[in-house]
Number of protein chains: 2
Amino acid sequence: MNNQNKNQQEEELSLKLFIVLTRALESIKRRVEEDIKCLGLNPTEFAVLELIYNKGDQPIQKIGQKVLIASSSITYVVDKLEKKNLLKRRPCPKDRRITYATITTAGTELMNDVFPKHKSAIQEICAGLENNEKKLMIQQLKKLGYYAQGL
Amino acid sequence: MNNQNKNQQEEELSLKLFIVLTRALESIKRRVEEDIKCLGLNPTEFAVLELIYNKGDQPIQKIGQKVLIASSSITYVVDKLEKKNLLKRRPCPKDRRITYATITTAGTELMNDVFPKHKSAIQEICAGLENNEKKLMIQQLKKLGYYAQGL
DNA sequence: TATAATTATCTCGAATTCGAGATAATGAAG
DNA sequence: CTTCATTATCTCGAATTCGAGATAATTATA
């Protein structure tokens with residue numbers, strides 16, 4: 001096989017990887033979404049609430065960094081969660097530019113009930129692989145992701 | 001280690017897999033999007049055009065199945081590509097419910113120019129892994145994805 | 001101190017996607 | 001042939017996300 005053909009095959013392989021990656025995550029996401037939907041939350045709202053539940057109060061700006069959405073979107077999501085009484089805004093006394101998002105009692109109670117179930121749902125959704133296969137995939141995905149990120 | 005702790009660890013592993021998978025694909029998608037943006041196309045438009053370019057004319061309904069978007073979204077995307085003169089609608093003579101999306105000369109010329117570059121861009125983006133690592137990951141992702149899909 | 005640059009949040013309009021339902025054509029069953 | 005179910009496309013309104021830019025507070029610099 002000459003170099004050109006070899007290169008073409010490699011390109012096909014990468015393209016296939018990209019497609020399979022996209023499809024696999026789509027399937028998983030769909031299941032996770034189903035798991036969350038009954039709470040009246042979408043994945044973004046859940047992610048924000050989970051962040052505050054697990055990591056404590058967060059400046060609104062930090063939320064966007066960790067959940068990877070734009071600042072204008074964060075405002076929107078926090079608004080929604082605030083309307084649902086699951087979190088509230090609390091101004092920072094030391095820096096008046098900053099607003100913290102703080103989980104409410106209702107939010108904590110909801111997550112106490114729901115988060116364990118959520119984890120076990122993801123466990124079931126990902127049961128197509130053995131534990132050691134998952135560990136390897138995590139490692140490889142990190143390699144792949146960090147490389148792409150660093151470009 | 002007792003059974004409960006073991007189970008907790010497994011759940012953490014699945015959760016981590018889900019997060020790493022999401023992040024890796026985000027990084028890759030961002031790069032791919034950059035590659036396409038200069039054409040004035042978003043990823044969905046590109047996917048639809050690519051489908052018709054590589055697989056020939058498609059009933060509009062089939063496009064939605066393959067690119068995984070809702071029928072109402074397909075109408076919107078095809079409208080946009082038609083306005084850009086990259087494809088056009090052609091009624092099916094045998095079944096008057098069906099409309100084919102057909103690539104135009106301009107669309108073909110664009111893809112002739114761009115598609116090879118696109119593949120090589122993805123090759124570069126995915127260069128964090130060796131070929132045999134990619135092959136393994138494809139295989140494992142399929143296992144994971146099919147399982148989740150079948151739930 | 002005054003000025004400039006940076007940071008955090010928000011507003012607004014646009015783009016994209018979806019779901020529900022409308023319309024029209026086809027196929028199946030009696 | 002009529003009626004009913006199915007299929008393909010489209011319309012419409014709502015939800016979500018983004019980017020550009022506004023506002024206000026803070027920090028750095030001359």
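Just so we're on the same page: letters track the sequence lines, and every chain starts at 1.
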**Message:** I'd like to know if the side chain of B:Glu109 reaches the main chain of B:Ala106, judged simply by a donor and an acceptor atom lying under 3.5 Å from each other, with no hydrogens or angles considered.
**Reply:** no
Rounded to whole Å, how long is the line connecting atom [atom1] of [X] with atom [atom2] of [N]?
X	N	atom1	atom2	result
B:Lys29	D:dT17	NZ	P	12 Å
A:Ile69	D:dA15	CD1	C1'	14 Å
B:Ile63	D:dC10	CD1	C1'	14 Å
A:Arg30	C:dC18	CZ	P	9 Å
A:Glu33	D:dT16	CD	C1'	12 Å

**Fill in**
Under a 4.0 Å heavy-atom cutoff, the residues of residues 74-97 of chain B touching DNA chain D are B:Thr75, B:Arg89, B:Arg97
**Asked** Going by modelled atom types, is there a donor-acceptor pair between the base of C:dC12 and the side chain of A:Ser72 at under 3.5 Å?
**Response** no
**Touch class at under 4.0 angstrom, heavy-atom based, for B:Thr99 against every strand present** = sugar-phosphate
**Request:** Kindly say if A:Asn42 contacts the phosphate of D:dA15, meaning a side-chain N or O under 4.0 Å from OP1 or OP2.
**Result:** no
**Asked** Any side-chain N or O of B:Thr44 less than 4.0 Å from the OP1 or OP2 oxygen of C:dT17?
**Response** yes
**Check: B:Asn85/B:Thr104 side-chain N/O donor and acceptor closer than 3.5 Å** = no
**Fill in**
Of the listed D:dC18, D:dA8, C:dC18, the closest approach to the B:Ile98 side chain comes from D:dA8
**A:Ser73 side chain, from C-beta outward: closest of D:dC10, D:dT17, C:dT17** = D:dT17
**Item:** Lys/Arg N to Asp/Glu carboxylate O, B:Lys143 vs A:Glu133, below 4.0 Å
**Value:** yes
**Asked** Is A:Lys84 atom NZ crowded by more than 12 heavy atoms from other residues, nucleotides or ligands, each under 6.0 Å away?
**Response** yes
**Complete:** In terms of heavy-atom contacts, B:Glu33 and B:Pro43 come closest through CG-CG, 3.7 Å
**Fill in**
Across all chains, not counting sequence neighbours, the side-chain hydrogen bond (donor to acceptor under 3.5 Å, both in side chains) partners of B:Lys119 are A:Glu12
